[in-house]
**Q** 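Before anything else, here's the structure in question.
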Amino acid sequence: MSAVDTNLLADLEMRGLINQMTSPEDLVQHLREPRTLYCGFDPTADSLHIGSLVPLLVLKRFQQAGHKPLALVGGATGMIGDPSFKAQERKLNDEATINGWVEKLKHQVSAFIEFSDQANSAAVVNNYDWTHNVDVLTFLRDIGKHFSVNQMIQKESVKQRIEREGDGISFTEFTYMILQSYDFSELYNQYACTLQIGGSDQWGNITGGTELTRRRYQGQVFGLTLPLVTKADGTKFGKTESGTIWLDAKKTSQYAFYQFWINTADADVYKFLRYFTFLGEADMVAIEERDKEAQGRPEAQGILAREVTRLVHGEEGLQAALRISEALFSGNLQHLTAADLEQLYQDGMPASATGAEQLTLVEALVTSGLAKSNKMAREFVGNNAVSVNGEKCTQVDTLLSAATGLHGRYHILKRGKKLFHLLRW
RNA sequence: GGUGGGGUUCCCGAGUGGCCAAAGGGAUCAGACUGUAAAUCUGACGCGUAAGCUUCGGUGGUUCGAAUCCACCUCCCACCA
């Protein structure tokens, strides 16, 4: 019960992972003992995306330091929708959908924290459990009474929605803060949970919970928010041209996930190492130093990509991503064996099977999704942007068939510098 | 409820009867240069090999011809109540 790493907050500080804390000095004292903390994840889709990675990893950091993490899945709050810093009212999803998502998130969240029999073993909780049978009158009298509307409308997170003409905020979303506060006080009561972490946008909701807990149970609980992950070029983190980067390998393959991190800008990569890996400070400083001295390609992106992919998809997932990446970007495609190619397919390289006897290059590009119309396909070919099995192909009418493929069965199509597709006959 | 202003191609935004698939910017994509970068330069950017076809909130109408004019509908915004 005493094996607590008291350097935890200093480590978080070094990583730039602390945005705000309630009563910092008290919290430092508080964390000298093993504590229980939580972070909420609302089901807004059937998978979390990398935006949730920072809080997930911080839960893990807390557990490694000897504390007990609770991952809260918002079966209840997900039905309401968090208005914090959202420009517009969100549409509600139906209950069955949300319940399906809740199950997936539970599973996903579980991969990041330990459930073994140790004293600080993690738990997954669902706020639906303690909210679904609270009746309205009880809620209004026992919980609502503790909240001042005057204070609530002062919160930065909803201010713009209230002040801005045109867009408003429904009572439903306005109430979200109360529900989340209720969660915190319930977790305090049921699990002795005394710390909530969350993104910086959660500050208002978290402090609501610390106050409610004090009023209901006279307990002191703490809040700690994490910084919003930003990119140096100002674009939104976690999105690429092709969409959101999900944690679920079915939605974003391990290969695509790995590639996402490999493509991190130099200006962001050292910051991201701190946010997303468990490497020690000395190691990270050394990496940065080495990259600075060596001209040419920095190695930080590769380290980041390997570390994060391993964290999310495990060693196997990482190896799969590496196999594909190495084959496509550094290997000679002609040297791949049939088994190698089959492995790439198994590893989740973008692929499709063709039903046709033969395809023109243009048709192949369109059916593989590498070009969205025939016209675009022709343009790519004309631009010298397409290669087949590692060789530039500039003839629009080139015919592809099983016979022209590698091992009588595969074509590796490449459009531009980094988009690949495996065509199977 | 009243008055006024709007809804244009992924986004912003010009366009007020033919010269409009529709200016300009952004985003995106490709090429060159590179490090599977950044910056820069070049090109593409509704669909179609092309002829041509389909777009400018919706539906009808006027006209040889409409994103542009008319009617109705719908959604949004501002001000007033």
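Just so you know, these numbers come straight off a predicted model, no measurement behind them. First the proteins, then the strands, lettered A, B, ... as listed; each starts at 1.
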**Q** Would you say a side-chain N or O of Ser373(A) is under 4.0 Å from OP1 or OP2 of G46(B)?
**A** no

**Q** What nucleotide, of A30(B), U49(B), A37(B), holds the atom closest to the side chain of Arg415(A)?
**A** A30(B)

**Q** From CE of Met376(A) over to C1' of G48(B), roughly how many Å is that when rounded to an integer?
**A** 14 Å

**Q** Do Lys271(A) and Thr230(A) have a side chain donor and acceptor closer than 3.5 Å?
**A** yes

**Q** Please state the P separation for the pair U8(B) and G57(B) - nearest whole angstrom.
**A** 6 Å

**Q** How far does the C1' atom of C77(B) sit from the matching atom of U63(B), given to the nearest Å?
**A** 33 Å

**Q** Distance check, C1' atoms only: A78(B) and U9(B), in whole angstrom units.
**A** 27 Å

**Q** In whole angstrom, give me the gap between the P atoms of G6(B) and A14(B).
**A** 11 Å

**Q** Quick check: any donor-acceptor pair below 3.5 Å linking the side-chain of Lys417(A) to the base of U34(B)?
**A** yes

**Q** Please determine whether a side-chain nitrogen or oxygen atom of Lys418(A) lies at a distance below 4.0 Å from atom OP1 or OP2 of A37(B).
**A** yes

**Q** Can you tell me whether the side chain of Asn383(A) and the base of G43(B) have a donor-acceptor pair closer than 3.5 Å?
**A** no

**Q** Rounded to whole Å, how long is the line connecting atom CG of Leu419(A) with atom C1' of G31(B)?
**A** 15 Å

**Q** Is any side-chain heavy atom of Leu53(A) closer than 4.5 Å to a side-chain heavy atom of Phe112(A)?
**A** yes

**Q** Starting at CH2 of Trp261(A) and ending at P of G35(B), how long is that distance when rounded to a whole Å?
**A** 25 Å

**Q** In terms of side-chain heavy atoms of Asn374(A), which of G31(B), G48(B), G35(B) is nearest?
**A** G48(B)

**Q** Just how far, in rounded Å, is C1' of U54(B) from NZ of Lys375(A)?
**A** 13 Å

**Q** Given the C1' atoms of U55(B) and A66(B), what is the spacing between them in whole Å?
**A** 13 Å

**Q** When the C1' atoms of C19(B) and C10(B) are compared, how many Å lie between them, rounded to an integer?
**A** 28 Å

**Q** Looking at Asp248(A) and Lys104(A), does any basic side-chain N land under 4.0 Å from a carboxylate oxygen?
**A** no

**Q** Please report the distance separating the P of G58(B) from the corresponding atom of C75(B), rounded so that it comes out in whole Å.
**A** 15 Å

**Q** So, does the side chain of Gln301(A) form a donor-acceptor pair with the base of U36(B) at under 3.5 Å?
**A** no

